[in-house]
Amino acid sequence: MNTNNEIRLHLRFYKEVNQDIDSLRQKFIEFTTTKSSDYILKIKEYHIWINIKGSKKAH
């Protein structure tokens, strides 16, 4: 594929939850230690990026 003609879009999802942000963030931090190799998590402050690898990713 010619990367000069490629546009990559990053989806953003927002979800309201009934937990405080610090406890929810801590759950994601704990998940990084037990996660599947199909996912890559990056946490910086209060932003969480989830990258899906391989066959789990739909094109």
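Just so you know, these numbers come straight off a predicted model, no measurement behind them.
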[X] [atom1] to [Y] [atom2] distance, which is reported to the nearest 0.5 Å:
| X | Y | atom1 | atom2 | value |
| --- | --- | --- | --- | --- |
| I50 | K42 | CD1 | NZ | 13.5 Å |
| I29 | I43 | CD1 | CD1 | 5.0 Å |
| Q26 | D20 | CD | CG | 11.0 Å |
| Y39 | T32 | OH | OG1 | 15.0 Å |

Expected output: side-chain R25 to main-chain I48 donor-acceptor under 3.5 Å:
no
Sequence neighbours excluded, the answer for side chain to side chain contact (heavy atoms under 4.5 Å, CB included) partners of F13 is L11
Kindly indicate whether the side chain of F31, heavy atoms from C-beta on, has any atom under 4.5 Å from the side chain of L41.
yes
With side chains defined as the heavy atoms from C-beta onward, is the minimum distance between W49 and I40 less than 4.5 Å?
no
